[in-house]
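Quick note on labels: first sequence line is chain A, next is B, and so on, each numbered from 1. Side-chain atoms are counted along with the backbone in the values below, which use heavy atoms only and exclude waters and symmetry mates.
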Amino acid sequence: MLLPHLATLQVPDDFIRKIIRKDLRGRLDEVVTRFPPEPNGYLHIGHSKAICLNFGIAEEFGGRCVLRYDDTDPVGESLEFVQAIKEDVNWLGFEPDAVSHAADYFEAMYDFALELIEHDKAFVCSLDFETMREMRGTLTTPGRPSPDRERSREENLELFAAMRQGEVEEGALVLRAKIDMASPNLNMRDPVLYRIKRTPLHPRRGKDWCIYPTYDFAQGYADALDGVTHSLCTMEFDDHRPLYDWLLANVSLAHRPCQIEFSRLNIEYFLLSKRFLQRLVREGHVDGWDDPRMPTICGLRARGVPADAIRELCERVGVTRQEQRIELKMFNFCVRGALESRLRRAMAVIEPLKVVIVNYEGAGEVLHADWHPQQPELGAREMPFGPELYIERDDFSESPPPKYKRLVPGGLVRLRYAYIIRCDEVIKDDQGEVQELRCSYFPETKSGSDNSGMRSRGVVHWVSADEGESVEVALLEELIAEPDASGQHLESAMNPHSREICNGYAEPAVLAMPDTAFQFERLGYFTRAKPGSREFHRTVSLRDSFKTR
RNA sequence: AGGGGUGUCGCCAAGUGGUAAGGCCCCGGGUUUUGAUCCCGGUAUCGUAGGUUCGAAUCCUGCCACCCCUGCCA
């Protein structure tokens, strides 16, 4: 799983794995983890950290990992998301040992609720939303008990049954835990356990149920029913843990999963809130959840980011309880690392500038080059060369910055895999815009048989003007312009240049190959919009150490 | 009457009383017909103030900063 050039990376060993290793030495025989997405949206790169952690641990310790859909609230959930989540998990390289649904445990959960009521640990409350909020108190003042708190067990049982039977209006009654209205932990102030929802229908259970358990109620029991030993979740649930434990302790359940929290993955320029992503799609800022600029798993896949680049990133950033905001550079490093050794190289010119070789005799010739300088087993291709070519506009300059290694008037530059040329004349239009370069070439400098001893300033890529294939190339950037746009308004945060289209030319061999992605030399890694398409978009640029560019 | 969590190089992150790993970034240099890749080399006294100790990033005390919590979302 490690990338060839990154083989030094050590096996993961974080505080969670240390706990598990210790538990396996005595307390437990097997480790069972779970990844519990709510099927109300697409997975994004933030989820991949939890996926890699949970599935990775199961793999490393010979345990199991369950993909559990946390479908406890029908609002916003759909089967479409269920399907997409499964596909994304698989694409990332993981196969769940089991798939479960919290909704399939509704019957068992209902029984746990009854048990709590029977033990006087839960009650049916008739407070309306507003009043309940008011009576909960604030961060610094204690709450006050509901007037229904001392309702009799019989009445609670009766009312809860009525709720379940659909005899109660939505919002009229809820089931609450009876814990401590004065607890400094707000989660312990008699939290709601069940609420009534008549609409929409549950995507999986239809109209079987009209009462639904809250996250807090469902989580621990679903974990227990799934046989989970270590319930790994993100830091914001840290102060839910006392409730998680309380709910498990007050019911006759032998199995006791334990919750461990770790910090979320944040990446510069990636805004991962579901609300934000939904809005991008809804308002048409992107072409869909799988737009190649989206930070969703399917978006990254469309962009050409390989699964192992994502896994590599998750492994590299580690697992701790510290907030982490990873630099984009780190992400890009992993993407390049995954692509570097496996993509064929090719030449494409994105902003063409015509070059005419005035001393070239004949119509043209065919040159040869390996598909990859370090991987000869990838084979070689032929490329047509002729008297008219295109080079990149910014590979020529009349007023070059210091240390410029490209073409200047009167200067020499090597056309990669071909000849050294000299710029003899610059043709401009009325506006003074460079139109065309007239150059002469040196036949004795032909690549592979050059013993002229001539030295050029640098090397430049090119495409035959006659035989180059026209291609449409999209240069992609992040959707937001600020490294951290959380809390900003969408309008001001959006990057207006997230997709710039260029019309250019690629060497013909590119279109003759079935490869879905190439490295266009000196430009970056590019992926086809669709198989066989002549539309490409840039997955990531090459690292560029040219300072004044 | 608030509670919980976190503070080690620009970004991640090891380290758990014996004198600061590693990666990314950055800066030098080498190889190179991609200013790519690859290869060498360089860069921190641990939020802060005290204390304990022969010895502290690690133990104790105070302070400071940041994050989370007042949904019948997850």
Side-chain angles (χ1 to χ4, degrees), chain A residues 5-6 8-10 13-14 36-38 40 70 72-73 75-76 125 127-129 132-134 136-143 170-171 173-176 182-189 191-197 211-212 214-216 218-219 233-242 261 263 268 274 313 315-334 336-337 340-341 345 347 369 372-374 403-406 413-418 420 445 447-448 450 456 458-461 519-525 541-549:
Chain A
H5 76 299
L6 304 171
T8 53
L9 200 64
Q10 50 205 357
D13 181 34
D14 46 69
E38 186 189 14
N40 67 349
D70 244 332
T72 53
D73 180 356
V75 177
C125 180
L127 256 27
D128 63 82
F129 201 93
M132 196 184 297
R133 166 147 54 86
E134 191 187 307
R136 184 159 32 231
T138 70
L139 295 177
T140 51
T141 61
E170 186 163 330
L173 295 177
V174 295
L175 183 72
R176 290 228 258 166
S183 171
N185 182 345
L186 289 285
N187 297 120
M188 300 299 269
R189 316 240 265 227
V192 171
L193 268 21
Y194 266 92
R195 72 287 212 198
I196 300 167
K197 297 215 183 201
I211 59 171
Y212 292 97
T214 56
Y215 163 86
D216 282 315
Q219 195 64 201
C233 64
T234 44
M235 288 300 290
E236 67 269 27
F237 296 108
D238 193 18
D239 48 19
H240 289 240
R241 180 153 30 99
E261 310 82 19
S263 61
E268 284 181 341
K274 200 163 274 177
L313 179 75
E315 216 160 278
R316 273 170 181 272
V317 301
V319 180
T320 66
R321 292 168 69 82
Q322 267 146 263
E323 239 176 83
Q324 54 180 201
R325 217 169 62 97
I326 303 303
E327 293 178 322
L328 227 213
K329 289 165 174 175
M330 179 75 138
F331 172 77
N332 286 340
F333 170 83
C334 292
R336 291 185 191 115
E340 157 62 28
S341 62
R345 274 89 228 266
M347 293 201 288
H372 189 120
Q374 281 87 230
K403 300 205 181 145
Y404 190 71
K405 289 167 63 170
R406 308 166 195 185
V413 81
R414 159 145 246 133
L415 296 174
R416 186 148 161 87
Y417 304 127
I420 290 179
T445 62
S447 205
D450 182 357
S456 68
V459 181
V460 137
H461 59 96
Q519 182 200 93
F520 289 157
E521 295 203 50
R522 306 208 305 135
L523 295 176
Y525 297 98
S541 66
L542 256 29
R543 186 163 168 273
D544 185 5
S545 58
F546 181 39
K547 304 305 175 307
T548 53
R549 192 170 189 169

Checklist line | CD on A:Glu340 to CZ on A:Arg543, rounded to 0.5 Å | finding: 12.0 Å
Next item on the list: Map A:Ser447 and A:Arg325 onto RNA chain B by nearest heavy atom, then report which one ends up closer to the 5' terminus.
Entry: A:Arg325
Note to self: Please report the distance separating the P of B:rG51 from the corresponding atom of B:rC46, rounded so that it comes out in whole Å.
What the structure shows: 16 Å
Notebook entry, point to check: Over how many whole Å does the gap from A:Phe546 atom CZ to B:rC27 atom C1' extend?
Noted result: 18 Å
Next item on the list: Taking only the side-chain nitrogens and oxygens of A:Gln322, find out if one of them lies under 4.0 Å from OP1 or OP2 of B:rC12.
Entry: no
Margin query: Check A:Arg321 with A:Asp14, please: is the shortest side-chain N to carboxylate O separation under 4.0 Å?
Written below: no
Check: What integer number of Å spans the P atoms of B:rG18 and B:rC72?
Finding: 49 Å
Note to self: Looking at B:rC66, which nucleotide sits across from it as a Watson-Crick or G-U wobble partner, both distances under 3.5 angstrom, or is there none?
What the structure shows: B:rG5
Next item on the list: Look at A:Thr320 and B:rA13 and indicate whether a side-chain polar atom (N or O) is within less than 4.0 Å of OP1 or OP2.
Entry: yes
Check: Which nucleotide, in any strand shown, forms a Watson-Crick or G-U wobble pair with B:rU31, with both distances under 3.5 Å?
Finding: none
Note to self: What contact category does A:Lys405 fall into here, base, sugar-phosphate, or nothing, at under 4.0 angstrom with non-hydrogen atoms?
What the structure shows: base
Notebook entry, point to check: Is a side-chain donor-acceptor pair under 3.5 Å present for A:Thr320 with A:Gln322?
Noted result: no
Margin query: How would you summarise protein contacts on nucleotides 67-74 of chain B per nucleotide, using B for base, S for sugar-phosphate only and - for none, with heavy-atom distances below 4.0 Å?
Written below: SBBBSBSB
Next item on the list: Write down the distance separating the C1' atoms in B:rA49 and B:rC11, rounded off to the nearest Å.
Entry: 28 Å
Item checked: Ion pair check, A:Glu38 and A:Lys274, cut-off under 4.0 Å -> no
Note to self: Is A:Arg543 close enough to B:rU37 that one of its side-chain N or O atoms is under 4.0 Å from OP1 or OP2 there?
What the structure shows: yes
Check: From B:rA36, B:rG35, B:rU33, pick the nucleotide closest to the side chain of A:Asp544?
Finding: B:rG35
Check: For atom P, what is the distance between B:rA74 and B:rC27, given to the nearest Å?
Finding: 48 Å
Notebook entry, point to check: Which part of the nucleic acid does A:Tyr404 contact within heavy-atom distance under 4.0 Å: base, sugar-phosphate only, or nothing?
Noted result: base
Next item on the list: Examine the base of B:rU34 for any acceptor or donor lying under 3.5 Å from a partner atom in the side chain of A:Arg522, and report the outcome as yes or no.
Entry: no
Notebook entry, point to check: Start at the 5' end of RNA chain B and walk down; is the nucleotide closest to A:Gln324 or to A:Lys403 reached first?
Noted result: A:Gln324
Item checked: Flag, side chain of A:Arg189 to backbone of A:Ser183, donor-acceptor distance under 3.5 Å -> yes
Next item on the list: Using a cut-off of strictly less than 4.0 Å, decide whether A:Arg321 has a side-chain nitrogen or oxygen near OP1 or OP2 of B:rU6.
Entry: yes
Next item on the list: Among B:rC24, B:rA1, B:rG35, find the nucleotide with the atom closest to the side chain of A:Ala182.
Entry: B:rA1
Margin query: Just to be sure I understand the rule, does A:Gly143 reach a base, reach only the sugar-phosphate, or reach nothing, if contact means heavy atoms closer than 4.0 Å?
Written below: nothing
Checklist line | Pairwise distance SG(A:Cys334) to NZ(A:Lys329) - rounded to 0.5 angstrom | finding: 14.5 Å
Notebook entry, point to check: With A:His372, which residues qualify under ring-ring contact (aromatic ring centres under 6.0 Å, His included), at least two apart?
Noted result: none
Next item on the list: Give the rounded distance in Å between these two atoms: CE of A:Met347 and P of B:rU33.
Entry: 15 Å
Next item on the list: Whole angstrom is fine here: how far is it from CD in A:Glu315 over to P in B:rA14?
Entry: 14 Å
Checklist line | All side-chain hydrogen bond (donor to acceptor under 3.5 Å, both in side chains) counterparts of A:Tyr215, not counting sequence neighbours | finding: none
Item checked: B:rA13 and B:rA20, which share atom name C1', separated by this distance in whole Å -> 13 Å
Item checked: Integer-rounded Å distance: B:rG2 C1' and A:Met188 CE -> 16 Å
Notebook entry, point to check: Can you tell me how far P in B:rC38 sits from the matching atom in B:rA21, rounded to whole Å?
Noted result: 24 Å
Notebook entry, point to check: Can B:rG71 be described as syn, meaning its chi torsion is within 90° of 0, or is it anti?
Noted result: syn
Check: Just by distance, with hydrogens left out, do A:Glu327 and A:Asn332 show a side-chain donor and acceptor under 3.5 Å apart?
Finding: no
Note to self: What's the gap between B:rU53 and B:rC60 when it is taken at their P atoms, as a whole Å value?
What the structure shows: 16 Å
Notebook entry, point to check: If you measure from the P atom in B:rA57 to the same atom in B:rG47, how many Å do you get, rounded?
Noted result: 10 Å
Notebook entry, point to check: Can you find a side chain N or O atom of A:Gln374 that sits less than 4.0 Å from OP1 or OP2 on B:rC38?
Noted result: no
Next item on the list: Can you check whether any acceptor in the base of B:rG4 is under 3.5 Å from a donor in the side chain of A:Arg241, or vice versa?
Entry: no
Check: Does a side-chain N or O from A:Ser456 land closer than 4.0 Å to OP1 or OP2 of B:rU33, or not?
Finding: no
